[in-house]
Student: 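Would you mind keeping the following structure in view while I ask a few things?
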Amino acid sequence: MESFSSKSLALQAEKKLLSKMAGRSVAHLFIDETSSEVLDELYRVSKEYTRSRPQAQRVIKDLIKVAVKVAVLHRSGCFGPGELALAARFRQKLHQGAKTALSFGEVDFTFEAAVLAGLLTECRDMLLELVAHHLTPKSHNRIRHVFDHFSDTGLLTALYGPDFTQHLGKICDGLRKLLDEGKL
C-alpha cells in the first residue's frame, strides 16, 4: 500500500518555500520588530568581526531559516510529547543564555566567554536533538553553523569589548524587551 500524506507534503512544501524566502526583508513578515532589530545588530557585529559581508549574511540567513522551520514544525504539531518537553528545555536554556548575556552586558567585569559559549553549545545540541527526525542534514548543518559562529569565544570577547559597546547595548536592549514580553 502506498503511503501518501497531504499534510506531510504540505509541510514539506511550506518548509521548502520558506527556506527559499529567508532574506532579511522577508524575515520581517515572520519575525517581530524587536527580534528583527536584534538580528540586524547581530548581522552588524558578525560583519565587523569577520570583515566579511557574505559570511555575516549567510549566518543570519541560516538563523532565520532555522527559526522559521522550527516554528513551522511546532505550529504544525509535528513534535511528539517527548520532543515538546525537549523544546521546553531548549526554550529555558535559551532564556538562561539571554539573561546571562544581559547580565554580562550590564555588570562590569563579569563577562566570561566560556560560560556564554557553553550555554550556546548546549542550546545547539538540544535543538539538533529536537529536529533530528524532522529536518534534513543541510538544516542540521545550518544549526551548527549559526551556533558555532555565535559561540566562538573570539567573537564573544570582541562583542563584550570596547569596540562593540554600541552594538552590545542595542542587542541587550532588544533581549531585555524580548524577555519582558515573554518572547524569549
Side-chain angles (χ1 to χ4, degrees), residues 18-19 21-72 74 87-127 139 142-184:
L18 292 175
S19 72
M21 298 171 33
R24 282 177 56 200
S25 60
V26 175
H28 294 287
L29 298 173
F30 297 101
I31 298 172
D32 65 82
E33 187 64 32
T34 305
S35 298
S36 180
E37 290 169 4
V38 171
L39 288 175
D40 287 345
E41 212 54 47
L42 288 173
Y43 164 77
R44 289 181 194 102
V45 167
S46 294
K47 183 177 159 192
E48 284 183 38
Y49 178 73
T50 63
R51 293 178 168 77
S52 171
R53 182 175 174 243
Q55 189 176 347
Q57 287 175 333
R58 171 57 46 205
V59 77
I60 297 302
K61 190 171 185 176
D62 284 353
L63 193 157
I64 291 167
K65 283 182 178 185
V66 167
V68 169
K69 285 182 179 186
V70 171
V72 167
H74 187 267
R89 287 196 314 273
F90 169 76
R91 185 178 168 103
Q92 288 172 336
K93 187 60 71 174
L94 201 58
H95 186 85
Q96 178 187 357
K99 283 184 147 187
T100 302
L102 264 175
S103 173
F104 286 162
E106 293 173 344
V107 182
D108 291 338
F109 309 111
T110 59
F111 171 69
E112 289 185 46
V115 171
L116 207 46
L119 287 168
L120 289 169
T121 300
E122 287 180 55
C123 286
R124 178 199 64 201
D125 294 343
M126 283 184 191
L127 186 57
S139 292
R142 284 188 180 113
I143 292 168
R144 285 185 196 91
H145 178 232
V146 169
F147 280 96
D148 291 350
H149 176 78
F150 288 111
S151 65
D152 176 272
T153 54
L155 174 89
L156 292 171
T157 301
L159 176 59
Y160 284 86
D163 295 340
F164 288 82
T165 304
Q166 183 179 7
H167 297 301
L168 181 61
K170 290 179 183 178
I171 291 169
C172 286
D173 290 345
L175 289 176
R176 189 177 308 101
K177 187 172 179 185
L178 290 171
L179 287 167
D180 289 347
E181 293 171 355
K183 294 180 180 176
L184 189 64

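Note that the structure is predicted; figures quoted are calculated from it, not measured.
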Student: Looking only at non-hydrogen atoms, find the nearest pair between Ala113 and Leu156 and report the distance.
Tutor: O-CD1, 3.8 Å

Student: Shortest non-hydrogen contact from Ala117 to Ser151?
Tutor: CB-O, 3.2 Å

Student: Among all residues two or more places apart in sequence or in another chain, which pass the side-chain contact (heavy atoms from CB on, under 4.5 Å) test with Leu63?
Tutor: Leu39, Val146, Phe150

Student: Measure the spacing between OG of Ser52 and CD of Gln57 and express it to the nearest 0.5 Å.
Tutor: 8.5 Å

Student: Specify the closest pair of heavy atoms between Ala101 and Leu175, including all atoms of both residues, with the distance to one decimal.
Tutor: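 Closest heavy-atom pair between Ala101 and Leu175: CB-CD1, 4.2 Å.
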
Student: Of the non-hydrogen atoms in Cys172 and Gly105, which two are nearest, and what is the gap between them?
Tutor: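 The answer is SG-CA, 4.2 Å.
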
Student: To the nearest 0.5 angstrom, please state how far the OG atom of Ser139 sits from the CZ atom of Arg144.
Tutor: 11.0 Å

Student: Distance from Cys123 atom SG to Arg91 atom CZ, nearest 0.5 Å?
Tutor: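 Rounded to the nearest 0.5 Å, the SG-CZ separation comes out at 12.5 Å.
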
Student: Does any N or O in the side chain of Thr157 come within less than 3.5 Å of the main-chain N or O of Thr153, such that one atom is a donor and the other an acceptor?
Tutor: yes

Student: Not counting sequence neighbours, list each pair that qualifies as a salt bridge (charged side-chain N to carboxylate O under 4.0 Å, His left out) and has a residue in residues 114-127.
Tutor: Lys93-Glu122, Arg124-Asp148

Student: How many angstroms lie between OH in Tyr49 and CG in Asp152, if you round to the nearest 0.5 Å?
Tutor: 4.5 Å

Student: May I ask you to decide if Thr110's main-chain N or O and Tyr160's side chain share a donor-acceptor pair within less than 3.5 Å?
Tutor: no

Student: Could you name each residue pair satisfying salt bridge (charged side-chain N to carboxylate O under 4.0 Å, His left out) that touches residues 102-118, not counting sequence neighbours?
Tutor: Glu106-Arg176

Student: When rounded to the nearest 0.5 angstrom, what distance separates NE2 in His167 from CZ in Arg44?
Tutor: 7.5 Å

Student: Is there a donor-acceptor contact under 3.5 Å from the side chain of Thr165 to the main chain of Pro162?
Tutor: yes

Student: Apply side chain to side chain contact (heavy atoms under 4.5 Å, CB included) to residues Glu37 and Lys177 and explain how you reach the verdict.
Tutor: CA-CA 11 Å; Glu37 290 169 4; Lys177 187 172 179 185; 5.7 Å; no

Student: Check whether any side-chain heavy atom of Val45 lies under 4.5 Å from a side-chain heavy atom of Leu155, and answer yes or no.
Tutor: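 Sidechains of Leu155 and Val45: in contact.
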
Student: Supply the atom-to-atom distance Leu179 CG to Lys99 NZ, rounded to the nearest 0.5 angstrom.
Tutor: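 Result: 7.0 Å between the selected atoms.
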
Student: Tell me every residue that passes ring-ring contact (aromatic ring centres under 6.0 Å, His included) with Phe90, counting only those two or more places apart in sequence or in another chain.
Tutor: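 Here no residue qualifies.
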
Student: Which heavy atom of Gly174 sits nearest a heavy atom of Val38, and at what distance?
Tutor: CA-CG2, 3.6 Å

Student: Just wondering, are more than 12 heavy atoms of other shown residues or ligands nearer than 6.0 Å to CD in Gln166?
Tutor: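 Incorrect, the count does not exceed 12.
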
Student: For His149, what residues pass the ring-ring contact (aromatic ring centres under 6.0 Å, His included) criterion, not counting sequence neighbours?
Tutor: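 In terms of ring-ring contact (aromatic ring centres under 6.0 Å, His included), with neighbours along the sequence ignored, His149 is linked to no residue.
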
Student: List for me each residue that meets side chain to side chain donor-acceptor pair (under 3.5 Å) alongside His145, sequence neighbours excluded, and say none if there are none.
Tutor: Asp62

